[in-house]
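The structure under discussion appears below in the form of structure tokens.
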Amino acid sequence: MKYTTRPQAFLLLADGTVFYGKSIGLSGKTFGEVCFNTGMTGYQEIFTDPSYFGQIMVATNPHIGNYGVNADEVESGKIMISGLVCKNFSFNHSRPNSESNLYDYFEQQNLICISDVDTRALVSYIRDNGAQNAVICTDGTPIEELKSQLTQVPDMKGLELASTVSVTEPYYFGNEQATYKIAALDLGIKRNILRNLAQRDCYIKVFPYDTPFESLQAFNPDGYFLSNGPGDPEPLEQVIQTAKAMIASDKPVFGICLGHQIIGLANGISTYKMFNGHRGINHPVMNVLTGKGEITSQNHGFAVNREELEKHPDLEITHYHINDNTVAGMRMKSKSCFSVQYHPEASPGPHDASYLFDEFVANIKKAKSLQEV
């Protein structure tokens, strides 16, 4: 398809601001909260990450699609973003092990995309004005009509989305003969998290988000895991109660991203919606325990209240984001329970944070040895 044949399209923000571009050829419109990711690679992992459900992704990398797609580079069974905004969309791809081009991948799943947008101006605008709902339109629907429809889209604050991406039936991952058993609560779990646990001699049973603690306990796991996921953590009242029961069980607990926020809420620490959130693969984090910096992959629009956490008698901050001092990790003093706000499984070049899986397994090993005494 020639550039000159592509119809005009636009992104309409909730405050009425419009950014124009070109349709890549898929006609329609899509709604969601607009946000941006600063990663220079890994677009397929981003598109399939369940934590992005309900969001329109703006790519700060000017070239999207240039290395095609590969079935081994997905984090779930389908594209999770609501739509894509980019500068240059590559219909051709040049990587030897890619299986198809990005356009065909989008066409198969009807993902609406707008290209040729001034993404630098758009990202600058979002940074100044905050994340907000938006609509991508490539089918010619009048702007005034879309403005009316956009007012009906719910805000991310208060929106429970884990139920839309979680499995409905339990499943297993890894070697059944592995040394350790993990019960994982799926709030939008990424496949690479499961791979990292399986590589460390763990056999994982993944449960739907609303599974009662008694059902997780019946698996007789050596540890519990609370996964990443989309939306506001506060409406997940049943999950918070399940997390409390996990912690009370005295078995090791590990939480990532949304799971981190749930552990905070289970301890009476509130969460809040961030102005923009953190989304990218080069976020600097300080490890308070070691005094070392870590380069991390992050994807979240909510955070744990640092002021409340610092006053909590049984919680301590283990990591913080160097750019804005938000909480990036915490642990309980009286329990074998810790969590991080970033994604140690992503390893986007640096593998700085992969040790967290080792720590979880070490906690499990220690707990099992104490039980055997």
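All values below come from the heavy atoms of this structure, side chains included, with hydrogens, waters and symmetry mates left out. We're numbering straight along the sequence, starting at 1.
- Other residues, nucleotides and ligands contribute more than 12 heavy atoms inside 6.0 Å of the NZ atom of Lys273.
- In this structure, Ile263 and Val253 approach most closely via the heavy-atom pair CD1-CG1, 4.1 Å.
- Two rings, from Tyr203 and Phe173, have their centers 6.0 Å or more apart.
- The six-membered or imidazole ring of Phe338 lies near that of Phe254, with a centre-to-centre distance under 6.0 Å.
- Contact record, Ala178 with Cys202: CB-C, 3.7 Å, taken as the closest heavy-atom pair.
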What verdict does the side-chain hydrogen bond (donor to acceptor under 3.5 Å, both in side chains) test give for Gln341 and Gln261, after you've listed the backbone C-alpha separation in whole Å, the side-chain angles of each residue and the deciding distance to 0.1 Å? CA-CA 8 Å; Gln341 184 62 82; Gln261 297 158 14; 3.2 Å; yes
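- One finds no salt bridge joining Asp314 and Lys333 here, because no Lys/Arg side-chain nitrogen approaches an Asp/Glu carboxylate oxygen to under 4.0 Å.
- Side chain to side chain, Arg6 and Ser115 meet the donor-acceptor criterion of an N or O pair below 3.5 Å.
- Residue Lys366 qualifies as open at atom NZ: its count of foreign heavy atoms under 6.0 Å is 12 or below.
- Of the candidates His300, His260, His319, His283, Tyr342 forms a ring-ring contact (aromatic ring centres under 6.0 Å, His included) with just one, namely His319.
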Salt bridge (charged side-chain N to carboxylate O under 4.0 Å, His left out) evaluation trace for Glu345 with Lys190: CA-CA 9 Å; Glu345 82 289 342; Lys190 295 171 66 178; 2.8 Å; yes
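- Residues Val340 and Phe357 share a single hydrophobic cluster, defined by chaining ILVMFWY side chains whose heavy atoms lie under 4.5 Å apart.
- Of the N and O atoms on the side chains of Asn92 and Ser90, not one donor lies less than 3.5 Å from an acceptor on the other residue.
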Would Asp324 and His278 count as a side-chain hydrogen bond (donor to acceptor under 3.5 Å, both in side chains) here? Give the steps. CA-CA 10 Å; Asp324 60 9; His278 298 149; 2.7 Å; yes
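- When ring centroids are compared, Phe47 and Phe106 come within the 6.0 Å threshold.
- Looking only at distances, no side-chain donor or acceptor of Asn267 sits under 3.5 Å from a matching main-chain atom of Ile269.
- In this structure, Val117 is not a member of the same hydrophobic cluster as Met40, with clusters built from ILVMFWY side-chain heavy atoms closer than 4.5 Å.
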Does the side-chain hydrogen bond (donor to acceptor under 3.5 Å, both in side chains) test come out yes or no for Ser98 and Asn70, once each step is laid out? CA-CA 5 Å; Ser98 59; Asn70 187 304; over 6 Å; no
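- A donor-acceptor pair under 3.5 Å is absent between the side-chain atoms of Thr48 and the main chain of Ile79, judged by distance alone.
- When only modelled atom types and interatomic distance are considered, Thr179 and Asp201 share a side-chain donor-acceptor pair under 3.5 Å.
- For the pair Arg200 and Tyr180, the cation-pi criterion (under 6.0 Å, within 45° of the ring axis) is not fulfilled.
- The number of heavy-atom neighbours closer than 6.0 Å to CZ of Arg195, taken from other residues, nucleotides and ligands shown, is above 12.
- Using a cut-off of 4.0 Å between Lys/Arg side-chain N and Asp/Glu carboxylate O, Lys251 and Asp222 are scored as not salt-bridged.
- Judged purely by distance below 3.5 Å, without hydrogens or angles, the side chains of Ser23 and Gln8 never pair a donor atom with an acceptor atom.
- A donor-acceptor contact closer than 3.5 angstrom links the side chains of Tyr52 and Asn37.
- Side-chain atoms of Tyr43 come within 3.5 Å of backbone atoms of Gly68 as a donor-acceptor pair (strictly under, hydrogens ignored).
- For the atom pair SG (Cys86) and CG (Leu122), the distance works out to 11.5 Å, reported to the nearest 0.5 Å.
- In this structure, Glu308 contributes its side chain and Ser270 its backbone to a donor-acceptor pair below 3.5 Å.
- Minimum interatomic distance between Ala9 and Lys22 (heavy atoms only, all atoms of both residues): CB-C, 4.0 Å.
- Proximity of a side-chain donor or acceptor of Gln109 to a complementary backbone N or O of Lys78 within less than 3.5 Å is not detected.
- For the pairing with Ser166, the side chain to side chain contact (heavy atoms under 4.5 Å, CB included) check across Val206, Asp186, Leu161 returns one residue only, Asp186.
- A salt bridge links Arg95 to Glu73: at least one charged side-chain nitrogen sits closer than 4.0 Å to a carboxylate oxygen.
- Interatomic distance, CD of Gln149 versus CG of Leu12, reported as 10.0 Å (0.5 Å rounding).
- Gln238 and Asp210 share no donor-acceptor pair across their side chains, judged by distance under 3.5 Å alone.
- Here Glu316 pairs with Arg331 in a salt bridge; the nearest charged N to carboxylate O distance falls below 4.0 Å.
- Between Ala243 and Leu226, the shortest heavy-atom distance links the atoms CB-CD1, 4.0 Å.
- Annotation: cation-pi pair Lys181/Phe219 present, NZ/CZ under 6.0 Å from the ring centroid and within 45° of its normal.
- Using a 3.5 Å distance cut-off with no hydrogens or angles, the side chains of Ser148 and Glu145 do not pair a donor with an acceptor.
- Summarising the geometry of Ile281 relative to Thr41, their closest heavy-atom pair is CD1-OG1, 3.9 Å, with the distance given to 0.1 Å.
- Between Tyr103 and Tyr105, the distance from one ring center to the other does not fall under 6.0 angstrom.
- The backbone N or O of Tyr125 lies less than 3.5 Å from a partner atom in the side chain of Asn129, making a donor-acceptor pair.
- Clustering ILVMFWY residues whenever any of their side-chain heavy atoms sit less than 4.5 angstrom apart, transitively, puts Leu84 in the very cluster that holds Ile24.
- Cluster membership for Ile81 and Leu26, using ILVMFWY side-chain heavy atoms within less than 4.5 angstrom, is shared.
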Go through the steps for Phe213 and Tyr224 under the test ring pair (Phe, Tyr, Trp, His ring centres under 6.0 Å), then give the verdict. CA-CA 10 Å; Phe213 174 72; Tyr224 295 99; 5.4 Å; yes
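- In this structure, Asn228 and Gly188 approach most closely via the heavy-atom pair ND2-O, 2.8 Å.
- Between Glu144 and Lys147, at least one side-chain nitrogen of the basic residue sits less than 4.0 Å from a carboxylate oxygen of the acidic one, meeting the salt-bridge criterion.
- In the model, Glu294 has no side-chain atom that pairs as donor or acceptor with a side-chain atom of Thr296 under 3.5 Å.
- The main-chain N or O of Ile46 is never found under 3.5 Å from a side-chain atom of Glu75 such that the two would form a donor-acceptor pair.
- Atom CD1 of residue Ile112 and atom OG1 of residue Thr138 lie 4.5 Å apart, to the nearest 0.5 angstrom.
- Asn97 and Tyr67 share no donor-acceptor pair across their side chains, judged by distance under 3.5 Å alone.
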